[in-house]
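Take a look at the structure below.
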Amino acid sequence: MSQDPYVINPPRSASGSSSLRRRFQNKQHHHQSQRLRTNSNRHYSNVFLPRLVDRNFPYFQSKNQIASKNVKNPPGVFQLLVKDWFHVFLREHVLKSITLLLVSWTVYILIFAVVYVRIDKAYLDRNCGLGEPGTPIRFGTAFAFSLETCTTVGYGLPGGNNGFFQNNCPAVQITIYFQMVWSMMFNAFLLAFFFTKMANCENRSIQVVFADKLCVNVRDFTNGKVITDEGDEFLSSVHDADEVFRNSGVCLNVRCYDIDSAYPVVEAHVRMYMIDKNLKLHVLRIMHPDDEMGGMLYTSLPSEISHHVDHHSPLAPSKYKMPFLAKAHGMVFRAIDSATGNRDEIVCPVCGEAYGTYERLRKHVRYQKMVEEHDDYPEAESHRCLEVPENIPTLTLEDVQEYMSQNLAEIIVVVEGIDPQVSGTFQALQSYKYDDICWDGEFVQCLHIHKDKFSVCMEKFHQVKTLSSSSESVPSSPDSSFIVPKEHREDSREMDEEFGDLKSPSDDDEQVVSA
């Protein structure tokens, strides 16, 4: 099996810490290497589609632009763009926009210079003050006068008299009036343009960063911790879907953080989407932060965004069916809502009563059986003939991995917030392909106490530690994450001590500091 250059697996020796440091310092060189697949992958993606959100910024971030364009546009599309010409113009590069504005300004000065030359020739027998009496104004002088009119008010005419205020030259007065009006409107447009460019909140999204990897693991919902060591075996041993949906399940986890943490983003919230191999967009419901409460984030501390892969999730295999479920009718639900009593989705096929869990349905059936047997109900079409399955198949990490390798094109995370300085809304985007997923992994703790202050180690922000005892269960692309196997967490702690005085909760205690 080929060695992943980002898996810390050195021999335990006195020079181990120095070796780790050299590997950490050379990480950027590995990041620029060609994306490879290692033999540790159990599955390879069979969906070969480009990214919708390109990672074209440093630190594995996105430029927050959708990589799509319109082709074969009918005339009506161009007419729509013309009606929204200001926003179309704002989307142009700033150098291109400024160049176009300067050219437009110069052309409009030249046009008025030509008008002044023609007016002076038309009124050659009058002294309008543009040129010497009997001599038409030259184009250079007319250009200087046009430039002077455009940039100031209160000046003398080129001919040295006050012909502008006399009634014998109305064309000069009208032309100067319209040029000044045009100049004021152009200056107002420049002010609006530069203010909008400088106050563009879209650039604020650059400081909202995402981890390079998306971790998929089995999480215990009762305490928020990740179930380590043989998570698949744990799920496979549980045959009651009630226990899984109430207490644990397969989760997708993304880490997010605002670099400008001292000035929190206002009303930050998150959404997740999935694009399948058929180019269909699906909504991924978010469990943490709860999208029922708006999916609110506090981005000033590293936060994890979690999606529970349940039987409603687009990431669940279609063969994974649950009995007695009410039809969704196109709605996107969460199984955890039914398990916690927010709604009831498990319907009794006899009486039509709905329950949140199968255990509640079993209690209902047992009670109704006793009542019906006491009243001597016929068994046909009654609860007496209804049996609720005891062993309901559960969704495992292996099932999710196999399905995503065949169907997943891309997962898109959208964090939206308001910049407190200019009160403008912005969006931060991140993209995850199949090769960006770390299976059975967990993010390394990056929030520490340093000199009695909360500190976020950005060198650890992308690091992922594996949870399974065998590295073969962690397919991951080797070009971005610094993956730390469980058996070498002590090596990682030695590296922390060498790099700085950082204190964090012990990995052995599995403590997590979250927003």
Side-chain angles (χ1 to χ4, degrees), residues 52-53 55 59-62 64 205 207-221 223-226 248-259 261 264-275 281-310 312-316 332 334-337 400 404 408 410-418 426-434 436-447 456 458 460-465 480-481 512-515:
L52 183 64
V53 179
R55 291 190 178 186
Y59 204 64
F60 314 107
Q61 302 305 306
S62 164
N64 299 315
S205 62
Q207 300 188 69
V208 179
V209 297
F210 298 86
D212 178 41
K213 289 294 183 183
L214 183 149
C215 292
V216 182
N217 48 43
V218 179
R219 188 173 294 271
D220 188 346
F221 298 154
N223 54 23
K225 296 181 180 180
V226 176
S248 61
V250 180
C251 291
L252 275 66
N253 303 281
V254 178
R255 184 147 71 179
C256 174
Y257 174 61
D258 180 16
I259 298 177
S261 57
V265 176
V266 180
E267 294 290 328
H269 51 276
V270 63
R271 300 190 301 272
M272 292 181 70
Y273 301 93
M274 171 254 190
I275 302 177
L281 187 68
H282 304 269
V283 177
L284 298 181
R285 295 293 303 272
I286 299 176
M287 184 176 64
H288 179 77
D290 189 359
D291 59 10
E292 288 282 333
M293 303 183 66
M296 307 305 295
L297 279 173
Y298 189 70
T299 56
S300 291
L301 293 177
S303 304
E304 287 195 26
I305 304 163
S306 300
H307 165 73
H308 177 207
V309 184
D310 54 27
H312 294 293
S313 173
L315 299 175
V332 183
R334 300 184 306 181
I336 197 69
D337 292 332
V400 176
M404 291 176 65
L408 175 65
E410 188 173 2
I411 292 176
I412 299 175
V413 183
V414 182
V415 172
E416 198 170 50
I418 301 175
F426 66 88
Q427 284 187 343
L429 308 178
Q430 182 63 307
S431 165
Y432 294 96
K433 301 281 285 183
Y434 183 83
D436 301 320
I437 298 176
C438 179
W439 298 94
D440 204 10
E442 184 182 15
F443 292 110
V444 172
Q445 178 74 11
C446 64
L447 180 63
V456 178
M458 299 306 295
K460 286 185 173 183
F461 183 74
H462 291 303
Q463 293 183 17
V464 175
K465 59 185 177 184
S480 52
S481 286
V512 179
V513 180
S514 59

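In this structure, CD1 on I411 lies 14.0 Å from OH on Y273, to the nearest 0.5 angstrom. Atom OG of S205 sits about 3.5 Å away from atom CG of N64, to the nearest 0.5 Å. Rounding to the nearest 0.5 Å gives a distance of 5.0 Å between CD1 of I259 and CE of M458. Atom CG of L52 is separated from atom CD1 of I275 by 4.5 Å, given to the nearest 0.5 angstrom. In this structure, CZ on F443 lies 10.0 Å from NE2 on H462, to the nearest 0.5 angstrom. Here E410 contributes atom CD and Q430 contributes atom CD; the two are 9.5 Å apart, rounded to the nearest 0.5 Å.
Without hydrogens or angle criteria, Q61 side chain to Q207 main chain gives no donor-acceptor distance under 3.5 Å. S306 places no side-chain N or O within donor-acceptor distance of the main-chain N or O of M287, the cut-off being under 3.5 Å. Remark: side-chain polar atoms of R255 are paired, donor with acceptor, to backbone N or O of F461 under 3.5 angstrom.
Around the CD atom of E267, the shell of radius 6.0 Å holds no more than 12 heavy atoms that belong to other residues, nucleotides or ligands.
Within the 4.5 Å cutoff, the side chain of I305 has heavy atoms near those of the C256 side chain. Counting only heavy atoms from C-beta outward, the side chains of L315 and L284 approach each other to under 4.5 Å. Residues R334 and D290 are in side-chain contact: their nearest non-hydrogen atoms beyond the backbone lie under 4.5 Å apart. Using a 4.5 Å heavy-atom threshold, the side chains of L252 and Y432 count as separate. Residues S261 and V456 have side chains not in contact (no heavy-atom distance under 4.5 Å, counting atoms from C-beta outward). With contacts defined as side-chain heavy-atom distances shorter than 4.5 Å, the pair K433/R55 does not qualify. Within the 4.5 Å cutoff, no side-chain heavy atoms of F60 are placed close to those of D436. At a threshold of 4.5 Å between non-hydrogen side-chain atoms, the residues R219 and E304 count as touching.
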Derivation of the side-chain contact (heavy atoms from CB on, under 4.5 Å) call for R271 and Q427: CA-CA 11 Å; R271 300 190 301 272; Q427 284 187 343; 3.4 Å; yes
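Counting all heavy atoms, side chain and backbone alike, H269 lies closest to G294 at CB-O, 3.2 Å. When all heavy atoms are compared, the tightest approach of C215 to G441 is CB-O, 3.4 Å. Shown here for D310 and A335, the closest heavy-atom pair between the two residues is OD2-N, 2.8 Å.
In summary, of the residues considered (H282, R285, H307), a side-chain hydrogen bond (donor to acceptor under 3.5 Å, both in side chains) with S313 occurs for H307 alone. Checking each of L429, V254, V53, I286 against V413 for a side chain to side chain contact (heavy atoms under 4.5 Å, CB included) leaves exactly one that passes, namely V254.
Side-chain atoms of D258 and S300 include no donor-acceptor pair closer than 3.5 Å.
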